[in-house]
Every structure is written in structure tokens, then in C-alpha cells.
Novice: 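One structure, as C-alpha cells, below. Some questions next.
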Amino acid sequence: MKELYEFDREKGNIAGVDEAGRGPLAGSVVAAAVKINEYHDFFEEINDSKKLSEKKREILFDKILAYCNVGVGIATVEEIDEVNILNATFLAMTRALEDIKKEGTEFDKVLVDGNKLIKGYEGEQEAVVKGDAKSLSIAAASIIAKVTRDRIMLINAEKYPEYAFEKHKGYGTKLHREILLEKGPLPIHRKTFLKKILKSDTTYE
């Protein structure tokens, strides 16, 4: 969208950062960083990843990779349980920015979706509340992060077919909760997220 692109231009030489997977009961949290160098017509189709169909996200994912500078960072389930989901999200975002810099991408400021700055990141940054509806680079990053995480969860669905990860992607849906109560948690479940769902004497694999 043109107005989202203009928002970024007014901020200067920037990269946008967003994440996917803060809320699920299972799987990693994934962050992406995107720098847009010039406007392309397909940007008109970009919006917050949650408002797009899975098919549309997949199409835009490939286009963003082809025409923009992109970095991806992941924080594991173990890291989420160890440092909490917020700090794990900061880890993933920092790794996404390190990844985008590996290809020589330079920027003066990072626009971060949400109301918090990336803890531990030393460069200039600005928090943008509801950034995926205001900034084109953040909206693009939300698509990259979401598709990347969904693909990871589809791999987990093949590994653990009885848990239906292809349907709920690890989120705490009724189906997922019912399967958890019946079969118990997997190594990819976030132990710190399950305390209210499972009894405290549950043993983990």
C-alpha cells in the first residue's frame, strides 16, 4: 500500500521487524526483518499477515524475498522456556537483524512492531504500535515471519501426525488442547505455557 510505503520513507533509511508465534503453546517464535529499496506494484497487496489468506501470504512471501532485503531469526522452545516469550522474541528479532546484515544490507533505524523496543539491540530503533497496519516494511516482515513459522509447524505435523499441527499451528485451539490432554506434551511444546492446561505432575518427554 502506497501510504504504508510513504510512512517508511518519512522515517528515513529503515528496516522493519515483526514476529510470529508469541502466543502458541508449541513451536519456536520467528522474527523477520525487511528493508524495501524501491516501490513495486505488488506492495498494494501487502497487509498485516493475519488479514491475508494462507495462499496470498505464500505468494507475497516469494515476491518479498525476490525484491526486498530479508533476514530471519528464530528463538527455540527451550529459549522461550528459559528466558520467557518476550525475551525470546527479542532474541529472534536481534537474530533477524543480524541475518539481514550478513548480505550487506545497511539501514539507520529499525521500526519494531508493537510498543516495546528490542532489548539489547544497540542500533537506533522506534516502536510502532500496530506497525503492520502502518509500515510497509513491518507488514512485509509479518508475512515473512508468519509463513516461515507455518512451514516449520508443517514439518512438525509430519513428525507428529497425531497432534494435527497442520490445522492449529501450535496455537491453543480447542482441538489442540483436547489432543494435549489426551496424549500429553511433546518436546516442541512450551512447558511454561502449559501449566494452566496440564496438571503439575505431568511428565515431559
Side-chain angles (χ1 to χ4, degrees), residues 11 14-35 48-50 69-103 105 107-135 137-153 155-156 163 165 168-173 176-177 180 185-198 200 202-205:
K11 298 292 183 180
I14 60 94
V17 177
D18 201 1
E19 53 70 34
R22 281 184 65 170
L25 305 177
S28 306
V29 60
V30 178
V34 173
K35 182 184 178 185
D48 174 8
S49 65
K50 294 182 286 294
N69 299 118
V70 175
V72 173
I74 295 172
T76 65
V77 170
E78 292 77 15
E79 288 172 323
I80 292 169
D81 283 337
E82 182 179 346
V83 302
N84 76 42
I85 185 59
L86 179 60
N87 286 320
T89 299
F90 291 150
L91 271 178
M93 288 180 167
T94 300
R95 289 166 181 167
L97 289 166
E98 290 171 350
D99 189 45
I100 196 175
K101 288 177 180 178
K102 286 178 184 175
E103 57 183 54
T105 305
F107 43 85
D108 300 323
K109 182 195 288 190
V110 176
L111 300 185
V112 187
D113 184 53
N115 61 358
K116 291 181 171 61
L117 298 177
I118 303 170
K119 184 179 176 181
Y121 180 72
E122 296 181 356
E124 185 180 354
Q125 51 182 321
E126 178 181 338
V128 183
V129 176
K130 296 183 179 178
D132 41 18
K134 298 175 182 176
S135 161
S137 58
I138 291 177
S142 77
I143 292 170
I144 296 295
K146 173 66 174 169
V147 172
T148 300
R149 187 180 187 280
D150 282 356
R151 290 179 178 181
I152 292 170
M153 294 311 295
I155 293 171
N156 285 320
Y163 282 75
F165 287 117
H168 53 71
K169 305 297 192 299
Y171 284 87
T173 63
H176 190 188
R177 288 168 183 262
L180 261 174
L186 295 165
I188 64 166
H189 278 103
R190 304 172 181 179
K191 296 178 179 61
T192 50
F193 279 49
L194 301 183
K195 292 177 180 177
K196 294 180 181 179
I197 300 173
L198 303 175
S200 60
T202 301
T203 56
Y204 292 85
E205 295 180 18

Novice: According to the salt bridge (Lys or Arg N to Asp or Glu O under 4.0 Å) rule, which pairs have a member within residues 84-96, sequence neighbours left out?
Specialist: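 Only Glu79-Arg95 qualify under salt bridge (Lys or Arg N to Asp or Glu O under 4.0 Å).
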Novice: Looking at CD of Glu78 and NZ of Lys191, how far apart are the two atoms once the value is rounded to the nearest 0.5 Å?
Specialist: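 NZ of Lys191 is found 7.0 Å from CD of Glu78.
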Novice: List the atom pairs, with distances to 0.1 Å, where a side-chain N or O of residues 20-35 and a protein N or O form a donor-acceptor pair under 3.5 Å, not counting sequence neighbours.
Specialist:
from, atom 1, to, atom 2, distance (Å)
Lys35, NZ, Asn13, OD1, 3.0
Lys35, NZ, Glu106, O, 2.6

Novice: Would you list the atom pairs, donor with acceptor, under 3.5 Å between side chains in residues 109-120 and any protein atom, with sequence neighbours excluded?
Specialist:
from, atom 1, to, atom 2, distance (Å)
Lys109, NZ, Glu126, OE1, 3.1
Asp113, OD1, Gly131, N, 2.7
Asp113, OD1, Asp132, N, 3.3

Novice: Pair Phe193, Ile80 - check side chain to side chain contact (heavy atoms under 4.5 Å, CB included), show working.
Specialist: CA-CA 10 Å; Phe193 279 49; Ile80 292 169; 4.0 Å; yes
Novice: Kindly indicate, with the supporting measurements, whether the criterion side chain to side chain contact (heavy atoms under 4.5 Å, CB included) is fulfilled by Leu97 and Phe107.
Specialist: CA-CA 10 Å; Leu97 289 166; Phe107 43 85; 3.8 Å; yes
Novice: Go through Lys11 and Val128 one step at a time and tell me if the side chain to side chain contact (heavy atoms under 4.5 Å, CB included) criterion holds.
Specialist: CA-CA 11 Å; Lys11 298 292 183 180; Val128 183; 5.6 Å; no
Novice: If every non-hydrogen atom of Ala92 is compared with every non-hydrogen atom of Ala75, which pair is closest and at what distance?
Specialist: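 Closest pair (atom of Ala92, atom of Ala75, distance): CB-N, 3.9 Å.
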Novice: Look at the side chain of Thr105 and the backbone N and O of Ile100, then say whether any donor-acceptor pair between them is shorter than 3.5 Å.
Specialist: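 Present.
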Novice: For the atom pair CG (Leu86) and CD (Glu19), what is the distance rounded to the nearest 0.5 Å?
Specialist: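 It comes to 10.0 Å.
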Novice: With side chain to side chain contact (heavy atoms under 4.5 Å, CB included) as the criterion, how do Ile144 and Val72 come out once you've worked through the C-alpha distance, each side chain's angles and the decisive distance to 0.1 Å?
Specialist: CA-CA 8 Å; Ile144 296 295; Val72 173; 3.8 Å; yes
Novice: Does the side chain of His189 come within less than 4.5 Å of Leu186's, by heavy atoms?
Specialist: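 Leu186 reaches His189 side chain to side chain.
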Novice: To the nearest 0.5 Å, tell me how far Arg151 CZ sits from Lys169 NZ.
Specialist: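 The CZ atom of Arg151 sits 12.0 Å away from the NZ atom of Lys169.
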Novice: Looking at CG of Leu180 and OG1 of Thr173, how far apart are the two atoms once the value is rounded to the nearest 0.5 Å?
Specialist: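 If we round to the nearest 0.5 Å, Leu180:CG and Thr173:OG1 are 9.5 Å apart.
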Novice: Specify whether Phe165 and His168 have parallel, tilted or perpendicular ring planes, treating 30° as the upper limit for parallel and 60° as the lower limit for perpendicular.
Specialist: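 Rings of Phe165 and His168: perpendicular, as their planes differ by over 60°.
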Novice: Should Ile188 and Tyr163 count as side-chain neighbours, where that means a heavy-atom distance under 4.5 Å?
Specialist: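 Sidechains of Tyr163 and Ile188: no contact.
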Novice: Calculate, to the nearest 0.5 Å, the distance between atoms CD1 and CG belonging to Ile155 and Asp150 respectively.
Specialist: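 The CG atom of Asp150 is 11.5 Å from CD1 of Ile155, to the nearest 0.5 Å.
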Novice: With rounding to the nearest 0.5 angstrom, report the CG to CD1 distance, Asp18 to Ile138.
Specialist: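 Here the rounded value is 6.5 Å.
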Novice: Is the number of heavy atoms from other residues, nucleotides or ligands within 6.0 Å of CD (Glu122) greater than 12?
Specialist: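 Result for CD/Glu122: open.
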